[in-house]
Amino acid sequence: MQISETVRRKYQDLRGSIASMGRVAVTFSGGVDSTLLLKVCIDALGRENVLALTGVSPTYPRAERMEAEAMAADMGARIVMFDSTEMEDKDFVANGRDRCYHCKTRLFRTVRDIARGEGYSLILEGSNADDLNDFRPGRKACLEQDIRSPLLGAGLTKEEIRELSRELGLTTHDKPAQACLSSRIPYGTAITVRRLEEVEQAEAFIKSLGISQVRVRHHGSTARIEVGESDLPFILEERNRIAEELNRIGFAYVALDLRGYRTGSMNEPGPDG
């Protein structure tokens, strides 16, 4: 394998730990992390001993769901898609800073029920070593419900996961980071299906213009667009076209964040914070 010795060692540790697990269910979104995890599970255990589980809800973009389904099929994995019910949880909908904890708690309970019914006792998810340096309230739910995180256990960072994915021939190696659509809505603003749909449609339109990494933050009547620094000139050139479409979707105002795309921008303090 044409990878660094450090990544090679971590990969061997990862595969060795998974090989001892027997039968596993993997929470699978089709993103960089969970795709690598599913691939290694299949390689180490055989596809007959691996089940991919994908929760479907308004917080999960339709395009991502379709990509996840296709990716699982390409790997020969059996995938079960189920309706996740976080929108029925008043604590999630209230959108406090512990939103992800409430979502993951409900999700993992459903996943465990499905996995047990299918004969899988171990449940794996795709947190990585970098996640320990970010605000991740969903991590508490993993620990409470004994959900295992093999990538984190192997000490793999996001960049190392991309490096390993490239070596293993996974098309997700350069896939832009993804996040639940609820992360586009400021804390304290209720999460509604309509707001999620507006964000999904706005981001889908901007992606259709050739922008792969984009976030549309929902500030009521205002859409705040984040793209990579190199894409800022293009957005400005297409500003009239973009504004017209986002107006049609339901935003009265369209703003471009001059600092560009960055993960966790909704966690940043305000002017007085």
Side-chain angles (χ1 to χ4, degrees), residues 25-37 53-61 64-65 68 82-115 122-159 161 176-193 195-196 199-200 203 215-219 224 226 261-270 272-273:
V26 179
T27 58
F28 180 63
S29 67
V32 179
D33 301 330
S34 65
T35 297
L36 175 67
L37 179 58
L53 295 173
T54 302
V56 177
S57 83
T59 68
Y60 185 41
E64 289 297 307
R65 182 179 70 218
F82 62 93
D83 291 328
S84 59
T85 57
E86 65 270 22
M87 294 298 292
E88 299 174 12
D89 187 327
K90 63 180 178 57
D91 291 319
F92 172 77
V93 170
N95 198 17
R97 291 183 65 84
D98 59 352
R99 172 193 67 220
C100 292
Y101 169 75
H102 297 293
C103 176
K104 293 293 188 183
T105 295
R106 183 175 283 249
L107 176 71
F108 290 146
R109 285 173 182 163
T110 303
V111 163
R112 187 168 296 285
D113 288 343
I114 296 173
L122 292 181
I123 301 170
L124 314 183
E125 65 87 45
S127 293
N128 65 63
D130 289 336
D131 292 331
L132 296 180
N133 301 320
D134 198 3
F135 178 63
R136 300 278 180 173
R139 183 74 196 145
K140 180 182 176 184
C142 289
L143 298 174
E144 288 179 347
Q145 300 195 43
D146 194 28
I147 307 298
R148 301 196 185 186
S149 307
L151 303 179
L152 176 58
L156 283 161
T157 66
K158 189 71 157 189
E159 191 56 40
I161 288 169
Q178 302 297 326
C180 164
L181 290 174
S182 64
S183 67
R184 319 301 200 265
I185 301 173
Y187 294 124
T189 299
I191 298 169
T192 67
V193 172
R195 286 174 177 144
L196 294 171
V199 168
E200 181 177 6
E203 291 187 357
R215 295 287 187 269
V216 174
R217 310 295 185 181
H218 197 302
H219 298 276
R224 174 168 60 89
E226 294 180 13
Y261 166 75
R262 58 216 182 273
T263 60
S265 74
M266 286 302 200
N267 296 326
E268 296 170 356
D272 300 323

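Values in this document were obtained by computation on a predicted structure and should not be read as measured data.
- Side-chain atoms of V32 and Q178, non-hydrogen and from C-beta on, never get closer than 4.5 Å to each other.
- With contacts defined as side-chain heavy-atom distances shorter than 4.5 Å, the pair R195/T189 qualifies.
- Atom-to-atom distance recorded for H218:NE2 and L181:CG is 11.0 Å, nearest 0.5 angstrom.
- Side-chain atoms of Q145 come within 3.5 Å of backbone atoms of T105 as a donor-acceptor pair (strictly under, hydrogens ignored).
- Residues Y187 and R97 share a closest heavy-atom pair of CE1-NH1, 3.4 Å.
- For the residue pair R65 / T54, no side-chain donor-acceptor distance below 3.5 Å is found, with atom types taken as modelled.
- Within the 3.5 Å criterion, the main-chain N or O of D83 finds no donor-acceptor partner in the side chain of S57.
- To the nearest 0.5 Å, atom CZ of residue F108 and atom CG of residue L53 are 11.0 Å apart.
- L152 and A129 make their closest contact through CD1-CA, 3.6 Å (heavy atoms, listed as atom of the first residue, atom of the second, distance).
- Put simply, the side chain of N95 gets close to the backbone of I185: a donor and an acceptor are under 3.5 Å apart.
- Checking side-chain atoms of D91 against main-chain N and O of H102 turns up no donor-acceptor pair under 3.5 Å.
- With rounding to the nearest 0.5 Å, the separation of CG in L124 from CD1 in I147 is 8.5 Å.
- When side chains are defined from C-beta on, D130 does not count as touching E159, because their heavy atoms never get closer than 4.5 Å.
- What you find for P58 and V193 is that their closest heavy atoms are CG-CG2, 4.1 Å.
- Side-chain atoms of S182 and T59 include no donor-acceptor pair closer than 3.5 Å.
- Contact annotation: the side chain of F82 approaches that of L107 to within less than 4.5 Å [non-hydrogen atoms, C-beta and beyond].
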Legend entry - Verdict with reasoning, Y60 to S84, per side-chain contact (heavy atoms from CB on, under 4.5 Å): CA-CA 10 Å; Y60 185 41; S84 59; over 6 Å; no
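- Looking only at side-chain heavy atoms (C-beta outward), L196 and M87 come within less than 4.5 Å of each other.
- If you take OG on S34 and CD1 on I161, they are separated by 10.0 Å, rounding to the nearest 0.5 Å.
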Inset, instruction - Check step by step if side-chain contact (heavy atoms from CB on, under 4.5 Å) holds for I191 and R99. - result: CA-CA 10 Å; I191 298 169; R99 172 193 67 220; 3.5 Å; yes
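- Nearest heavy-atom pair across Y101 and P137 is CB-O, 3.6 Å.
- A donor-acceptor pair under 3.5 Å is absent between the side-chain atoms of R215 and the main chain of R262, judged by distance alone.
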Legend entry - Step-by-step salt bridge (charged side-chain N to carboxylate O under 4.0 Å, His left out) determination, R139 to E125: CA-CA 10 Å; R139 183 74 196 145; E125 65 87 45; 3.5 Å; yes
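- Interatomic distance, E86 CD to R106 CZ, rounded to the nearest 0.5 Å: 8.5 Å.
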Inset, instruction - Could you give me the CA-CA distance, side-chain angles and deciding distance for R136 and D131, then say whether salt bridge (charged side-chain N to carboxylate O under 4.0 Å, His left out) is met? - result: CA-CA 7 Å; R136 300 278 180 173; D131 292 331; 3.2 Å; yes
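- Within the model, atoms OG1 of T157 and CG of L132 stand 11.5 Å from one another, a figure rounded to the nearest 0.5 Å.
- Shown here for P150 and L37, the closest heavy-atom pair between the two residues is CG-CD1, 3.9 Å.
- Across all non-hydrogen atoms, the minimal contact from S127 to L151 is O-CB, 3.4 Å.
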Inset, instruction - Assess whether salt bridge (charged side-chain N to carboxylate O under 4.0 Å, His left out) is satisfied between R184 and E203, documenting all intermediate values. - result: CA-CA 11 Å; R184 319 301 200 265; E203 291 187 357; 2.6 Å; yes
